[in-house]
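Report on one structure; see the data block that follows.
Note that the numbering runs from 1 along the sequence shown for the chain.
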Amino acid sequence: MRRLPIVAILALAGCPPSEPPAPTVEVGSAAPPTTEIAEPAPAAPTKTSAPLRLGDDEPLREGLVEMTGMVRPTKGGLDVRGVTFALETLTAALPPGSDEPGYDELIGAKLRVVAELHARHAASNDGDVAIQSRAGDWFEARRLVEASILAPAATLEGRVGRSKGFYAVGDRLVSREDLAWSLRGVDPVGKRVRLRGQPHTHVCPPQAQCLISGELPLFDVADAELVP
């Protein structure tokens, strides 16, 4: 007689086969490994963007810029390349430990400044009387980062004479526009003046009409006054 498997016998008897026993977990067995989530690494410190260095003949631009210029007096403060700074703002931006110059000492000095500039348009002012007095586009300093004095103001004194395209004072040539701006309404020819500003030498390009030496000894005027 052929023997039937136990599963077949249970099926014939109408009894369902028993389910397989559940797996046992031994006490003290290690828990299944868990996946650790690594914490993000701290972000590297961001570097401050370097200022855009403007040449002496380059126009001003918006943003963080580095520029050099002579200090001229202006309404409401001190002017460096058309940008107005308060005296307190400029002196506070000088290197620590440097002597704090006064207003008169800064007039005519050559400065290097790093500042954040913002363009303003005279047609879109906010009702400010000082802004309404300006013509055309101009720039204001939103933030002055640092300043340094490259050259102190120089003094030039002498009698004003005529020269081709310039005025002559001592051994230097002076722009007529500079004296006209500083000595408003005064004909300076033949008068003795004291000038504050910066001397420099302009090298003439080839074939240009210039002095025999090929150089022009100029003096940029920041301020002028008549003297006896």
Side-chain angles (χ1 to χ4, degrees), residues 51-58 60 64-118 120 128-135 138-160 167 169-186 188 191-202 217-228:
L52 175 65
R53 183 175 298 177
L54 299 179
D56 292 342
D57 297 327
E58 287 188 73
L60 298 182
L64 188 64
V65 302
E66 176 185 343
M67 61 183 183
T68 60
M70 184 176 63
V71 181
R72 289 182 168 92
T74 187
K75 183 179 180 181
L78 298 166
D79 175 286
V80 180
R81 287 184 66 168
V83 181
T84 300
F85 298 94
L87 173 63
E88 296 78 10
T89 303
L90 273 180
T91 53
L94 293 174
S98 58
D99 295 333
E100 187 172 304
Y103 182 88
D104 292 336
E105 293 178 89
L106 284 175
I107 299 298
K110 185 177 182 180
L111 262 60
R112 167 190 168 271
V113 299
V114 177
E116 184 178 349
L117 302 184
H118 175 66
R120 296 294 298 268
D128 193 320
V129 175
I131 294 177
Q132 288 180 347
S133 65
R134 294 175 179 264
W138 52 283
F139 287 83
E140 67 176 357
R142 289 282 181 85
R143 181 169 58 100
L144 177 59
V145 179
E146 60 181 278
S148 57
I149 299 176
L150 301 180
T155 302
L156 177 65
E157 188 170 328
R159 197 170 300 279
V160 180
Y167 288 131
V169 179
D171 59 349
R172 292 279 170 176
L173 299 176
V174 177
S175 164
R176 295 187 178 187
E177 291 76 13
D178 279 357
L179 279 189
W181 181 85
S182 299
L183 300 173
R184 297 173 181 82
V186 175
K191 297 181 175 61
R192 191 170 183 83
V193 295
R194 181 182 297 120
L195 312 178
R196 287 177 62 83
Q198 290 291 319
H200 70 97
T201 301
H202 173 74
L218 303 177
F219 191 89
D220 294 333
V221 180
D223 191 36
E225 60 178 334
L226 299 175
V227 295

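- With sequence neighbours excluded, no residue forms a side-chain hydrogen bond (donor to acceptor under 3.5 Å, both in side chains) with Ser148.
- Between the OG1 atom in Thr68 and the CG atom in Leu54 there is a gap of 9.0 Å [rounded to 0.5 Å].
- Closest of all the heavy-atom pairs between Arg172 and Leu218 is NH1-O, 3.0 Å.
- At least one side-chain heavy atom of Arg192 sits under 4.5 Å from a side-chain heavy atom of Val227.
- The distance from atom CG of Leu94 to atom CG of Asp99, rounded to the nearest 0.5 Å, is 10.0 Å.
- The nearest pair of heavy atoms linking Leu183 to Pro188 is CD1-CB, 4.1 Å.
- For the pair Leu156/Val193, no side-chain contact is recorded, criterion being any heavy-atom separation below 4.5 Å from C-beta on.
- Counted within 6.0 Å of CZ on Arg176, heavy atoms from surrounding residues, nucleotides or ligands total more than 12; the atom is thus considered enclosed.
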**Request:** Decide side chain to side chain contact (heavy atoms under 4.5 Å, CB included) for Phe219 and Leu195; before the verdict, give the C-alpha distance in whole Å, the side-chain angles of both, and the deciding distance to 0.1 Å.
**Result:** CA-CA 9 Å; Phe219 191 89; Leu195 312 178; 3.9 Å; yes

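- In this structure a side-chain-to-backbone donor-acceptor pair under 3.5 Å is missing from Asp79 to Thr74.
- For the pair Gly102 and Leu87, the tightest heavy-atom approach, listed with the atom from each and the gap, is C-CD1, 4.3 Å.
- Scanning all heavy atoms of the two residues, the minimum distance from Asp104 to Arg196 falls at O-NH2, 2.8 Å.
- When all heavy atoms are compared, the tightest approach of Ala147 to Pro95 is O-CD, 3.3 Å.
- By the salt bridge (charged side-chain N to carboxylate O under 4.0 Å, His left out) test, Arg112 is found to be paired with Glu66, Glu146, residues two or more places apart in sequence or in another chain being considered.
- Side chain of Ser182 to main chain of Leu179: no donor-acceptor pair is present (N/O by atom type, distance under 3.5 Å, no hydrogens or angles).
- Remark: Leu64 CG to Arg53 CZ distance equals 12.0 Å, nearest 0.5 Å.
- In terms of heavy atoms, Thr91 sits closest to Glu88 at OG1-O, 3.2 Å.
- Glu140 places no side-chain N or O within donor-acceptor distance of the main-chain N or O of Thr84, the cut-off being under 3.5 Å.
- Checked options Asp56, Leu111, Val113, Val114; the residue passing with Met67 is Val113 (criterion: side-chain contact (heavy atoms from CB on, under 4.5 Å)).
- Counting heavy atoms from C-beta on, the side chains of Val145 and Glu116 never come closer than 4.5 Å.
- Every residue two or more places apart in sequence or in another chain that forms a side-chain hydrogen bond (donor to acceptor under 3.5 Å, both in side chains) with Asp220 is listed here: His200.
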**Message:** Pair Val65, Leu60 - check side chain to side chain contact (heavy atoms under 4.5 Å, CB included), show working.
**Reply:** CA-CA 8 Å; Val65 302; Leu60 298 182; 5.7 Å; no

